[in-house]
Each structure stands twice: as C-alpha cells, then as structure tokens.
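The basis for the numbers below is simple: all heavy atoms, side chains too, and nothing from hydrogens, waters or symmetry mates. Each chain gets a letter, A, B and so on, in the order the sequences are listed, and its residues count up from 1.
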Amino acid sequence: MKEFFAMGGYALYVWGSFAMTALLMIVEPILLRRRKQAALARIRRIARLQQQR
Amino acid sequence: MSSRLVNWFKFSSPSTFYPLAGKIGFWSMVVTVVLLAVGLYMSFFVAPTDYKQGEGYRIIYVHVPAAWMSMFLYVLMAGWAALGLVFNTRLSAMMASALAPTGASMAFIALWTGAFWGKPMWGAWWVWDARLTSELILLFLYLGFIALQSAIDDPRRADRACAVLAIVGVVNVPIIYYSVIWWNTLHQGATIQIRGESSMDPLMLTTLLIMTLAFWAYCIAVAMARVRSIILERERETTWVGEMVKEGRA
Amino acid sequence: MLEVRNLECVRGDRRLFRELNFTLREGELLHLHGHNGSGKTTLLRAVSGLLLPSAGEILWRGKDIRELREEFSAELIFIGHKRAIKDDLSAVENLRVACTLDGVRISEEQAWKALERIGLYGFEDLPSRVLSQGQKRRVGLARLLLNRAPLWVLDEPFNALDKAAVGLLQGVIREHVANAGVVLLTTHQEVSLTQGAVHSLQLGSGELGHV
Amino acid sequence: MFEIFRTVVMRDLVLALRRRADLMTVLFFFVIVVSLFPLAIGPEMSTLRMIAPGVVWVAALLASMLALERLFAADYADGTLEQMLLTPQPLALLVLGKIAAHWLVTGLPLVLISPLLGLQYGLSGETLLVLLFSLLLGTPALSLIGAIGAALTLGLRGGGVLVSLLVLPLTIPVLIFGSGSVEATASGMGGEGHLYLLGAILVMSLVLAPLAAATALRISNE
C-alpha cells in the first residue's frame with residue numbers, strides 16, 4: 001500500500017495535482033450552494049416585504 | 001446548432017428552463033460521480049505505467065481533460081453569448097455568464113497540473129511551453145470576462161457587453177495560440193513533446209476519455225446549478241419566483 | 001408617421017412601462033408627462049433607437065426602426081439632457097460638425113445666420129467653454145433650424161433657457177409641426193400650437209410593477 | 001462617405017491639438033518607461049541590446065493602453081458620442097475616424113521617437129529601422145483592439161485598469177510579432193516574416209475592430 005502512495009517517487013506531483021483538482025471540484029459546488037441559499041433568502045425577504053405593504 | 005434547439009432556447013423563458021436545469025444538473029452530477037469513480041480507479045490501478053515517465057505521467061488524467069474543457073467552455077460561452085446578442089434572449093446570456101467561472105477554474109486546474117507535471121519532467125515549475133502559455137492567456141481572457149461582468153451593474157448591459165468581449169475573444173484564441181507556437185518554436189527550437197496522444201496505449205486512452213467525460217458531466221452539473229442561481233437572482237422580483245420559493249420548489 | 005406597439009422597457013430590474021401604444025402622424029406633437037423615474041427619458045431613447053426595448057415594436061412609416069437603422073436616423077433629431085457640444089470647439093465649429101454628421105450640407109454663413117437667429121450673435125466663434133449654460137444649450141438647439149429631419153425627439157428642451165429662448169424655441173417647434181413635422185417631447189412647461197394636434201401621454205400612471 | 005470620415009478625424013485632431021499638453025503625457029510616459037530599464041538592469045550595452053525590442057514594445061503597449069482612456073470618455077461625458085450614434089452614417093466609420101485621429105495623436109509620436117530610444121539601447125542601422133516599422137504597423141493595431149475595450153468599459157468606475165485587463169491578452173500576438181521582428185533582425189535572421197504577420201493582424205483589426213467597437217458603443221450607451 002505504501003508504494004502505491006509513493007507513486008514511483010512522483011508522490012508530491014501526482015497527489016498535488018489530484019488534490020488541487022479535487023479541492024476545486026468540491027469547493028465550487030459548495031460556493032454554488034451558498035450562493036443559492038443567499039438568493040433564496042433574499043427572495044423570502046422580498047415576499048415578507050410585499051405581504052406587509 | 002440544429003434550428004430546433006435554437007428556436008427552443010429562443011422561446012423558452014427562464015421560468016420554464018429553471019426546473020429543467022435542475023433535472024439536468026442533478027443527473028449530470030450523478031453521472032459525474034460514477035464516471036469519476038471509474039476514471040480514478042482506472043487512472044491509478046488499470047492504466048499501465050509509462051515506460052519513460054513512470055507513475056508521474058498519471059497527471060495527464062487530470063491535466064488533459066481540464067485543458068480541453070477550459071478551451072471547450074470558452075467556445076461554448078462565446079456561442080451562448082452570440083446567441084443572446086443576436087436573439088436578445090436573456091436566458092442565453094445567463095448561460096454564458098454561468099459557464100465563465102467554471103471555465104476559469106478548469107483553466108486554473110490545467111495550469112496547476114501542468115506546472116506540477118513540468119517540475120519532475122523538465123525540472124522547473126513553470127515552462128514557457130506553447131500549450132501552457134496559451135492556457136495562461138486563456139485564463140486571462142476568462143478573468144477579463146468575469147471582471148467586466150462584475151464591473152457593470154445593469155444586468156442587461158453586462159450580458160451584452162460580455163457577449164461582445166467573448167466573441168472578440170473567441171476570434172482571437174486561435175491567433176493567440178498560433179502566435180505563441182510561432183514564438184515558442186523560434187526561441188526554443190523544437191518544443192518538448194509533452195505527449196503524443198495518438199501513440200498512447202489504448203488502455204491509457206480509454207482512461208483519458210472516461211476522465212474527460214467525467215469532467216464534461218461535472219461542468220454541465222455546475223453550470224446548471226449556477227444558471228439556476230443567476231435566474232433566482234435576476235428574477236427575484238417576479239411572481240413566478242415568489243410562488244416557487246413559497247411552495248419550496250426552488 | 002411614428003407608431004409604437006405594446007412597448008415594454010426595463011431598467012435594471014424595474015419594469016418602467018408595459019403594453020404602451022400610441023401613434024403620431026405628421027403635424028402632431030406628443031407631450032409626455034410623468035414624475036421622475038417614470039421612464040420618460042427611457043421611452044424617448046427607445047423611440048430614437050438608442051435603447052433596445054425588452055418587448056414591443058417601434059415603426060416609422062410602417063417599418064421597424066431597427067431595420068431602417070441609418071435611414072431612420074437620417075429623419076430624426078434627438079436632443080437629450082446633455083448639451084452635446086464640445087467645450088474646446090467654437091459654436092460655429094460645433095454646429096458645422098453636427099450638421100455634416102447629420103448629412104446636412106451648410107455653408108459658413110448659413111451657420112452664422114442660424115446662430116444669430118438662436119440668439120448667439122457675437123458669440124459664434126468663441127470657444128464654447130466661455131458660454132453660459134443657456135448659451136451652450138442654444139448651440140445644441142441651433143441644429144433644429146438647419147436640419148430638415150421630420151421627427152424631433154426632445155428631452156426637456158427648455159431646461160436652462162431664459163424666457164426669450166423659450167419663446168424662440170416654442171416658435172420653432174410650432175413652425176416645424178405646422179409644416180408636417182412630428183415632435184415628441186417631455187417638458188414641465190406648457191406647449192401650445194397654432195396648427196396641428198397636441199396629444200399628451202401620462203407615464204407611470206399604471207402600476208409601477210417590477211419585472 | 002470619405003468626407004464624413006475626414007470630418008471626424010479633423011474634429012478629433014483639432015480637439016487634441018487644442019489641448020497640446022495632454023498629448024505629451026503619453027509620449028513622456030513611453031520615454032520614461034523605456035529609460036527606467038537601464039537603471040534597473042544596469043548599463044552594459046550587451047544586455048541592453050538584447051532586451052531592447054521587448055522593452056520598447058512593452059512600453060509602447062502600456063502607453064497605448066494608457067491613452068485609450070481619452071478615446072471615447074470625453075465624448076461620452078458631454079453627449080456628443082450619443083449624437084454620433086444617431087447620425088445617418090455607419091457608426092463603424094465614425095469609430096474608425098476617431099481611432100485614426102487617436103492613433104495620429106498618441107500612436108504616431110511613439111513610432112517617431114522609438115529610433116531615438118533604440119540608440120539609447122545601442123541598437124543600430126537596420127534594427128532601428130525595423131523597430132520603427134514594426135511600431136508603425138503595431139501601434140494602429142493596438143489602438144484598434146484597444147478601442148473595443150474602451151467602448152466596452154465606457155462610463156464604468158475603475159475603467160482604466162479594466163480596459164487593460166480586457167485588452168492586453170488580445171494584443172499578445174501584436175507584441176510577439178512586433179518585438180520578434182526586431183529581435184530577428186538583430187540576430188541576423190531577418191524579421192520579414194514577423195512584419196508580414198503583424199501587417200495581417202493590422203488589416204484584420206482594421207476590418208473587424210470598428211464593427212465590434214461600434215456594437216460595444218451602442219450597448220454602453222443604452
């Protein structure tokens with residue numbers, strides 16, 4: 001198992017590349033989810049405002 | 001672009017497209033997860049070791065798909081932008097601005113993995129190789145698009161201004177690419193061949209294709225999610241959005 | 001003959017007006033009313049082709065102005081809020097450049113005569129930056145005397161003008177409408193005509209609905 | 001048609017010449033930037049001669065980016081640009097006229113002074129000539145491509161920096177072939193190939209850039 005992670009001596013480079021890709025592919029959806037929640041919150045606030053008027 | 005598709009998008013309004021984007025987004029995310037799992041497994045366990053570059057070559061399974069996607073997304077973005085400009089449809093313009101950040105992240109991944117690949121192979125983190133340099137310039141074009149998009153407050157003007165920029169950009173991409181290659185061959189003699197795709201082992205090639213399809217599905221999923229957020233932001237005052245949120249269908 | 005069919009304009013994400021219809025024939029003037037922010041200027045800019053409406057059509061002599069493009073511009077004069085003159089050029093130079101671009105060939109003394117008629121005698125060849133706001137406005141309006149375009153779209157034309165200039169401009173507008181001109185304007189002043197009909201349109205009376 | 005073009009060019013030239021001081025700023029910027037490098041890198045003629053084409057070209061690029069601000073901003077502010085949009089003339093022709101005047105005022109001076117700066121870097125004879133000629137072909141292309149960026153960012157806050165961010169990536173081929181031609185001549189390989197390609201880019205920009213800039217102007221003036 002250990003030599004698998006060694007990647008024939010290129011561990012830093014292979015895992016560095018895959019890690020950055022993984023990082024971006026996780027962070028982007030999370031940011032999108034947060035952006036959607038913010039949009040929904042704003043819409044609900046508008047709805048509440050319109051009810052009061 | 002078959003005329004049916006063009007008409008379809010021309011007439012479909014954000015409200016009819018919103019739920020559809022949700023479905024496409026969901027299923028493409030499922031496809032992404034499946035393909036990524038298979039692709040990663042193949043990248044590490046199935047694809048043979050490269051006789052010259054040893055295990056280090058496996059970086060291509062992320063580098064090449066990201067580079068292809070960054071180029072493809074830019075052309076797609078310019079296509080949507082042109083469509084939005086010609087037909088004056090808001091939805092196409094929203095699609096264009098939904099693709100930009102993902103394209104930029106793909107370009108960044110391509111550059112990052114390119115650098116991580118260059119270090120062991122050529123001994124330097126950054127090599128002025130023609131392809132990497134063009135990728136860097138493509139990232140600049142993406143950043144220019146995003147900067148212009150955020151600099152203009154009025155959404156309509158932002159969409160149409162960015163459309164012009166994207167079209168001018170896509171006309172320039174091939175010119176930039178070939179001028180960089182000309183510049184590169186002039187100063188360095190023959191460029192160092194990163195890899196010859198065609199002469200690759202069929203197993204490597206299939207792994208690469210699976211990873212590319214996984215990246216492709218990922219980009220669709222993310223783009224759909226972002227276009228839904230953009231629709232929510234742009235149409236927040238409309239009645240259909242209000243009802244949808246009230247009924248929890250958003 | 002200007003025709004507007006169910007026009008809709010959106011500014012930012014506020015819809016200013018919807019389903020707007022009116023027709024203006026030769027020898028008619030449309031006086032646009034509405035409080036600030038009701039979309040008066042937006043309507044004028046849409047009619048003159050500066051702004052793309054989000055829905056509806058604008059027809060000039062039966063054809064959509066977006067198809068006519070340059071032909072429509074040749075028959076239109078738009079006077080907006082800004083003075084549209086260069087401070088470093090003299091009144092005569094400004095007028096000559098404007099007329100040449102409008103495709104109207106005028107001689108030097110025709111320009112001087114127009115400037116004199118609009119009340120700028122003696123100021124014709126001074127750099128415009130030394131002129132007062134009212135005088136700068138008159139340089140912009142001098143084009144109306146020289147250009148034969150039938151359609152005039154004027155956005156608050158009487159702003160910064162003194163009583164004499166207002167009277168003069170009223171006369172010029174009356175004269176234009178009298179010989180089969182079409183005028184669309186917004187102003188807080190009263191507009192009276194000797195010949196032809198004055199229509200008025202109240203904007204912003206409808207619901208100030210959002211998109 | 002040509003009379004309209006001439007009117008726009010003459011108008012802008014007269015306007016520019018009445019504010020002579022403004023012209024000098026772009027020229028001085030170019031000269032100062034080029035003169036900075038020897039101070040930073042050291043006076044050895046051999047290194048200076050090697051970096052000369054790149055330095056002069058990058059300085060010319062930055063100077064023309066700097067100058068783009070004045071292309072439409074003044075007319076946009078006082079409403080004359082709006083009137084240009086409403087003239088019965090094709091807008092692309094008027095834009096071409098404005099770009100031509102802008103180049104004559106800001107681009108041409110750079111071209112004329114570049115041999116002088118070349119001497120400062122120890123360039124000689126034919127290389128100086130190619131430097132001048134490459135700038136003669138390159139700076140109009142920079143103005144043309146830059147005009148699109150200027151039109152897109154009209155009236156935006158922070159427009160100056162934004163223009164450069166949008167336009168610089170698009171001007172990279174001009175930079176590559178421009179400085180490349182001088183370098184090739186200096187190293188004896190002959191820069192004709194570069195100059196032909198630079199000319200091709202110029203012709204393409206001459207045809208396409210005014211159209212794109214005109215579209216961008218209509219969008220910015222809504």
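Residue D:Phe133 places its CZ atom among 12 or fewer non-hydrogen atoms of other residues, nucleotides or ligands, all under 6.0 Å distant. Residue D:Arg19 places its CZ atom among 12 or fewer non-hydrogen atoms of other residues, nucleotides or ligands, all under 6.0 Å distant. Shown here is D:Arg18, whose CZ atom has more than 12 heavy atoms of other residues, nucleotides or ligands within 6.0 Å.
Interface remark: D:Ala74 contributes backbone and side-chain atoms alike to the contact with chain C (heavy atom separation under 4.5 Å). Contact of C:Arg69 with chain D is made through the side chain alone, with heavy-atom distances under 4.5 Å. For D:Met84, the part lying under 4.5 angstrom from a heavy atom of chain C is the side chain only.
Scanning both residues, C:Thr100 and D:Ile4, for their nearest heavy atoms gives O-CD1, 3.5 Å. Heavy atoms only, all atoms of each residue included: D:Leu91 and C:Glu70 are closest at N-OE2, 4.3 Å. Looking at every heavy atom in both residues, C:Ser73 comes nearest to D:Thr87 through CB-O, 3.6 Å. The heavy-atom pair separating D:Gln83 from C:Ala84 by the smallest distance is CG-CB, 3.6 Å. In this structure, C:Ser48 and D:Leu86 approach most closely via the heavy-atom pair O-CD2, 3.3 Å.
Contact count versus chain C (heavy atoms, under 4.5 Å) is highest, among D:Thr7, D:Ile219, D:Leu15, for D:Leu15. The candidate with the highest count of non-hydrogen atom pairs below 4.5 Å against chain D, out of C:Leu51, C:Asp102, C:Asp88, C:Val97, is C:Asp88. The residue among C:Asp87, C:Leu76, C:Leu52 with the most heavy atom pairs within less than 4.5 Å of chain D is C:Leu52. The greatest number of non-hydrogen atom pairs below 4.5 Å with chain D, out of C:Arg143, C:Glu75, C:His81, C:Glu71, is found for C:Arg143. Note: D:Asp75 leads D:Leu94, D:Val8, D:Leu85, D:Asp75 in heavy-atom pairs under 4.5 Å with chain C.
Using a 4.0 Å cut-off between charged side-chain N and carboxylate O, D:Arg11 and C:Glu93 make no salt bridge. Using a cut-off of 4.0 Å between Lys/Arg side-chain N and Asp/Glu carboxylate O, D:Asp78 and C:Lys82 are scored as not salt-bridged.
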